[in-house]
J.: 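Quick one: this structure, given as structure tokens, is what I'll be asking you about.
Chain identifiers are assigned alphabetically (A, B, ...) following the order of the sequence lines, protein sequences preceding nucleic acid strands; residue numbering begins at 1 within each chain.
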Amino acid sequence: QQQVKQSPQSLIVQKGGISIINCAYENTAFDYFPWYQQFPGKGPALLIAIRPDVSEKKEGRFTISFNKSAKQFSLHIMDSQPGDSATYFCAATGRGNEKLTFGTGTRLTIIP
Amino acid sequence: KAGVTQTPRYLIKTRGQQVTLSCSPISGHRSVSWYQQTPGQGLQFLFEYFSETQRNKGNFPGRFSGRQFSNSRSEMNVSTLELGDSALYLCASSFGPGSNTEAFFGQGTRLTVV
């Protein structure tokens, strides 16, 4: 019940396109859902996060969509750029279980 | 404002040895968590400290231990190293326990066990 399932494992998107990464969770106690971006040789960097009281959060080209009833959330990267090429991790945490539970990661490659 | 600092960045150790990794959190942050990252298992939670107390522990053997000092700096120790302990060890800091608090990661310590 602690798992967070992430898909796809890898994704290739053309420059200017929309990148979409999906995550699903089972634990209804989760109430905070961050996304992290990781470049090779670096630690994960917090990108954007959402709480279940809203269905969407947008920061620049990055948008999280959240579906509480389906227990799913997704990251959309609009106008994808080569500099967005990285591994993206979704995560979840909640009261009484405050560690971050991570998805398995998505390796995103943006091609010119 | 300085970020999370982890030292050393790289380590090579021999099987059976022990190792200590260090993490200095962001100024003002009192919670430190440790994660192990491997290609096969992804990011796995090790433990979390707040106010020098371990609040949460992941599913790792007792060879993995940690502590936190009064200045919030944290160390983790791995004894009797095994080849499978080779990984990137990441430290994350946040203001305090509880969900909805942003956690920021350091660059990690790359441990190689030979």
J.: If hydrophobic clusters are built by linking Ile, Leu, Val, Met, Phe, Trp and Tyr wherever their side-chain heavy atoms come under 4.5 Å apart, do B:V78 and B:F47 end up in the same one?
T.: yes

J.: With only heavy atoms counted, which part of B:R110 is less than 4.5 Å from chain A, the side chain, the backbone, both or neither?
T.: neither

J.: In this structure, are over 12 heavy atoms from other groups packed under 6.0 Å from A:Q9 atom CD?
T.: no

J.: Check whether B:L11 and B:Y35 end up in the same hydrophobic cluster, where Ile, Leu, Val, Met, Phe, Trp and Tyr are linked by side-chain heavy atoms less than 4.5 Å apart.
T.: no

J.: Side-chain contact test, heavy atoms from C-beta onward, threshold under 4.5 Å: evaluate it for B:L46 versus A:K99 and give yes or no.
T.: no

J.: So what's closer than 4.5 Å to chain B heavy atoms on A:F89: side chain, backbone, both or neither?
T.: side chain

J.: When you group the ILVMFWY residues by side-chain heavy-atom contacts below 4.5 Å and let the links chain together, are A:I48 and A:I20 in the same group?
T.: no

J.: Can you measure from CD (B:Q37) to OG1 (A:T87) and round to the nearest 0.5 angstrom?
T.: 8.5 Å

J.: Between A:F62 and A:I50, is there shared hydrophobic-cluster membership here, with clusters defined by ILVMFWY side-chain heavy atoms closer than 4.5 Å?
T.: yes

J.: How long is the straight-line distance from CG of B:L90 back to NZ of A:K42, given to the nearest 0.5 Å?
T.: 13.0 Å

J.: Does atom CD1 (B:I12) have a neighbourhood of more than 12 heavy atoms from anything else shown, all under 6.0 Å?
T.: no

J.: Which atoms of B:L43 are under 4.5 Å from chain A, going by heavy atoms: the side chain, the backbone, both sets, or neither?
T.: both

J.: At what distance, to the nearest 0.5 angstrom, does CG of A:L100 lie from OG of B:S94?
T.: 8.5 Å

J.: What about A:Y36 and B:F105, are their ring centers closer than 6.0 Å?
T.: yes

J.: Is there a path of hydrophobic side-chain contacts, each under 4.5 Å between heavy atoms, that joins B:Y10 and B:L111?
T.: no

J.: Report yes if the side chains of B:F104 and A:L46 come closer than 4.5 Å at any heavy-atom pair, otherwise no.
T.: yes

J.: Against chain B, label A:P44 side chain, backbone, both or neither, depending on which of its atoms sit under 4.5 Å from a heavy atom there.
T.: both

